[in-house]
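Taking it in order: structure first as structure tokens, then the write-up.
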Protein chains: 2
Amino acid sequence: MENKTPDSEAINADLVNKIKPNMPKKELLYDLSDFFKVMGDSTRIQLLWALEENELCVGELAAILDMTKSAVSHQLKVLRTAKLVRSQKRGKNVYYSLNDEHVQIIVKMALEHVCE
Amino acid sequence: MENKTPDSEAINADLVNKIKPNMPKKELLYDLSDFFKVMGDSTRIQLLWALEENELCVGELAAILDMTKSAVSHQLKVLRTAKLVRSQKRGKNVYYSLNDEHVQIIVKMALEHVCE
DNA sequence: ATTATAGTTGAACATTTATTCAACTGTCAA
DNA sequence: TTGACAGTTGAATAAATGTTCAACTATAAT
């Protein structure tokens with residue numbers, strides 16, 4: 001009776017050995033998850049959302065989000081480090097704008113997912 | 001001298017009042033950031049990556065990721081709650097598979113961003 | 001029935017993270 | 001120069017998060 005399909009299969013070692021070497025390298029893995037981590041905060045999503053409409057300075061962003069300039073500035077730094085926004089100082093103000101065309105598409109895809 | 005362009009502009013209230021009402025509602029905002037939070041972990045990225053190749057049970061996933069079944073199970077629960085994977089029990093095993101076609105596209109876009 | 005295996009679960013622990021607060025820099029106006 | 005405003009920064013606090021461990025359920029094999 002060796003050809004019967006078992007009710008429960010042991011783990012498929014061949015499949016594991018085929019998939020394991022195709023896994024992404026640690027570095028790429030961290031880059032990917034770090035990118036999503038940056039997007040995974042409602043304050044930063046709002047900042048990106050607002051900047052899709054216009055270049056805006058910190059005070060304007062703080063007014064739109066109803067938050068302190070300090071809190072906004074901290075989060076803008078995260079977005080800047082991730083290269084999702086860029087900043088430009090003009091007079092007393094620092095104006096921020098989007099720096100990556102992928103972001104708008106990614107947010108749109110995510111919207112389709114969460115709106116199902 | 002009232003028509004000179006000021007070296008430093010005060011915040012643009014009209015712009016703020018135009019953008020503010022177009023901001024996403026709290027609920028949508030949390031749904032969006034929660035989605036990205038789920039993607040923002042290297043273990044869960046690996047799970048999704050592996051499941052793109054094949055339906056896999058918990059033990060196989062644990063072997064591929066070199067992690068305990070417990071840790072994998074905890075993260076699979078997060079993915080299940082977010083409706084990114086679905087599970088199906090067969091015998092003693094629980095097989096997981098992808099549940100959302102958006103995810104592969106979103107990961108691909110994110111790859112393009114981080115690989116620049 | 002008993003034993004072994006697959007997977008889930010909750011508590012605990014350590015780490016990360018977002019906001020607040022106060023102090024600071026730099027620029028403009030008087 | 002003095003004062004006001006825009007923004008940044010670091011420390012502190014509180015909240016969220018990932019993995020481990022041990023205990024548990026459920027299914028299969030003997």
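In what follows, every chain begins at residue 1, and chains take the letters A, B, ... in the order their sequences are listed.
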Note to self: Among residues at least two apart in sequence or on other chains, which ones pass ring-ring contact (aromatic ring centres under 6.0 Å, His included) with A:F35?
What the structure shows: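 Checked A:F35 against ring-ring contact (aromatic ring centres under 6.0 Å, His included); matches are B:H113.
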Margin query: For the helix from C:dA1-D:dT30 to C:dA30-D:dT1, what angle separates the axis at the start from the axis at the finish, each from five pairs, in steps of 10°?
Written below: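 Its terminal axes enclose an angle near 20°.
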Measuring to OP1 and OP2 of [N], would you say a side-chain N or O of [X] lies under 4.0 angstrom away?
{"X": "B:R44", "N": "D:dG18", "answer": "yes"}
{"X": "B:N93", "N": "C:dG7", "answer": "yes"}
{"X": "A:Y96", "N": "D:dA6", "answer": "no"}
{"X": "A:K77", "N": "D:dT8", "answer": "no"}
{"X": "B:S73", "N": "C:dT9", "answer": "no"}
{"X": "B:K69", "N": "C:dA6", "answer": "yes"}

Next item on the list: Quickly work out the B:Y95 OH to D:dT27 P distance and round it to whole Å.
Entry: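 Going from OH in B:Y95 over to P in D:dT27 covers 15 Å.
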Side-chain donor-acceptor pairs of residues 72-81 of chain A under 3.5 Å, sequence neighbours excluded:
unit_1	atom_1	unit_2	atom_2	d
A:Q75	OE1	A:R44	NH1	2.6
A:R80	NE	A:Y96	OH	3.4
A:R80	NH2	A:Y96	OH	3.3
A:T81	OG1	A:K77	O	2.8

Checklist line | Where protein sits on nucleotides 20-25 of chain C, one letter per nucleotide: B base, S sugar-phosphate only, - none, heavy atoms under 4.0 Å | finding: BBB---
Notebook entry, point to check: Taking only residues two or more places apart in sequence, or in another chain, which ones meet A:E55 in a side chain to side chain donor-acceptor pair (under 3.5 Å)?
Noted result: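 Partners of A:E55 under the side chain to side chain donor-acceptor pair (under 3.5 Å) test: A:R90.
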Check: Near DNA chain C, which residues from residues 31-42 of chain A have a heavy atom under 4.0 Å away?
Finding: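 The answer is A:K37, A:D41.
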